[in-house]
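For clarity, every value in this text was computed on a predicted model and none was experimentally measured. Note that ligands are numbered from 1 as they come in the structure, with each ligand's atoms numbered from 1 the same way.
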Amino acid sequence: MTRVLAVLVYLFLYAPLLVLVAFSFNSGRLASSWDGITFAWYARALADERLQASLRNSLLVALATTAIATAIGTAAAMGLRARRGGRAGWDAFLALPILVPEVVVGASLVLLFAAAGLRLGMTTVVLAHVGFSISYATLVVAARAATLDPALADAATDLGASPLRAFFHVSLPALAPGILAAALLVFALSIDDYVVTSFVAGVGATTLPVHIYSMVKSGVSPAINAVSTLLLAATTLLLVAAWALERGARIRAAAVPAILGLAILAAPFAASKPAASTDRVLNVYIWSNYIAPETIRKFEQRHRVRVNLDLYDTNEAMLAKVQSGNVDYDVLCPSNYAIQSLVAQGLLRPLDRSALPHFANVDPAFLGRDHDPANRFSVPYFWGTTGIAYRRSKVGTVDSWAALWDPRHRGRVLMLDDTREAFGAALKRMGRSLNTTDPAVLALAQEMLLAQKPLVRAYNSSNFEDVLLSGDVWLAQGWNGQFARAIEQDPDIAYVIPKEGSSLFLDSLVIPAKAPHPELAHAFIDFTLEAEVAAEIAATMRYSTTNAAATALLPLALRANPAIFPPADALARTELIEDVGDATPLYDRLWTEVKSR
Ligand code: N2P
């Protein structure tokens, strides 16, 4: 009986990992069906330059962290041992950082770095990793140190050795397995940290876990399973080595798993041809699913530069990062209402039109809008609508927001994880403007969203179309481009702009006031304005282009697709989301309450 229980517990622990490993070899794209064995995802993952760059960053950070944290940890362990008496209190202080939630550590470090005037980048990542690994390193070395007989070092000093000599010749060799175990543990902790790193990474310091997470955001590809399996194998091997050393195994015995683990991490470098060396970089921060890696690659080749691409899923997330002031982005893609607030805060740089010869390709219908009347700061990129996509076979025909509140759809509804869009749906359902600033109306909208919560399976603004495709939900609020792609994959899915009306968005490229590479930023924006490039972007992403010259180049099927270019009567029902100024904090608070209650 106990044996059966033990098997069940281990299965519970390891089943998700086993599924991940298995599906990294699945030749089909979907996790719902097994289509045969392939190594293609590994080949794809190993050939991905962005992945290699992030792995390179991860290795650099992990090596630096290991060296620094292990040295400090060893010194601390020796210091603690020397202080006989009163140790317990110090031990507790050491263990504390291990227990402090990672989000707290991340958020406080961002504040600290801002106060110290440090720009977020590789250095801040290393500092953060050293910070959270010192405790682990100290505890592991201290455990080994406790088994040492202090009389040995005393004997060496009695025989005339200096304390330093006694440490290096007597204590250190005896401590070596503990130090190595600590080093391996620190390396493993650093190489797969996500939470703290995502706070302090800034641009150009994307590590492997951060990259994997952004891959998930731009659409789930089984290549992620392959990368994750490699990362899993490498960390497991390193931890086995650390564990063996702690158990007193010979260093040579532990070397086998350690070297194997490191070799797995080095594999992508062996598989890659050396990247074209270039020190010109451009930091682009844009919506997920808004530009294809292939398009970025073309720009990189043409200008012999490297583009750091970071992705976001809400204007609020982007604004928070840009307002924090210690990130170095060159190009952003805010929605109209976010541009209003960026301009008001003086955070954008006026554009140099002479550096944008293809500006004339923009459809004049999208120029001179309220958020930037003379287009001094922004160049339109994509426009689109928010609506509901649904499974016809499950819910019939949908034409109203009420469907997202229908108790029959309990647990089958997805809402955008986006303040203005979620409130927009509720407000439209009430027949109100989605730009209302009336606190009483907003309180009612909040009540509606709270009442809807039991029906909602997920709040998601990144890969909502995948959740619908997978069958997990039957109805999803979301943005039209990604839904257009879903409909092509599964004709059971339909998209509608509800009869009560919905939101319209207009997203533009802008250059932050403090952009470190404004010239390249102009070159990039102009590149996206070229008719062929804009057409490629629109055709791969399926959002609606604001580029008149590109529209003419789009395949007829796309131009005639009502999900991408909705009929006039549906468009007439939409309303542009606008900056609500002083009411913004109210919206934010009400939305946080909906999510947390
Ligand atoms: C991108 C979604 C479209 C952005 N993933 C809506 N402004």
Asks: Can you tell which part of F382 has a heavy atom less than 4.0 Å from ligand 1: side chain, backbone, both or neither?
Replies: neither
Asks: Taking only residues two or more places apart in sequence, or in another chain, which ones meet Y337 in a ring-ring contact (aromatic ring centres under 6.0 Å, His included)?
Replies: none
Asks: In terms of atom number and element, which parts of ligand 1 are under 4.0 angstrom from non-hydrogen atoms of Y290?
Replies: 1 (C), 3 (C), 4 (C)
Asks: Counting non-hydrogen protein atoms only, what is the nearest one to atom 7 (N) of ligand 1? Give residue, atom name and distance.
Replies: D507 OD2, 2.9 Å
Asks: Could you tell me the residue and atom name of the protein heavy atom closest to atom 1 (C) of ligand 1, and the distance to it rounded to 0.1 Å?
Replies: S288 O, 3.1 Å
Asks: Quick one: do the N315 and S335 side chains pair a donor with an acceptor below 3.5 Å?
Replies: yes
Asks: Heavy-atom distances under 4.0 Å decide this one: backbone, side chain, both or neither, for S335 against ligand 1?
Replies: side chain
Asks: Look at the aromatic rings of W479 and W287 and report parallel, tilted or perpendicular, splitting at 30° and 60°.
Replies: perpendicular
Asks: Name all residues meeting the ring-ring contact (aromatic ring centres under 6.0 Å, His included) criterion together with F483; count only those two or more places apart in sequence or in a different chain, and write none if there are none.
Replies: F464, Y495
Asks: Under 4.0 Å from a heavy atom of Q482: which atoms of ligand 1 are those, numbered in the order shown and with their elements?
Replies: 1 (C), 2 (C), 5 (N)
Asks: Which class fits the ring pair Y543 and F382: parallel under 30°, tilted 30 to 60°, perpendicular over 60°?
Replies: tilted
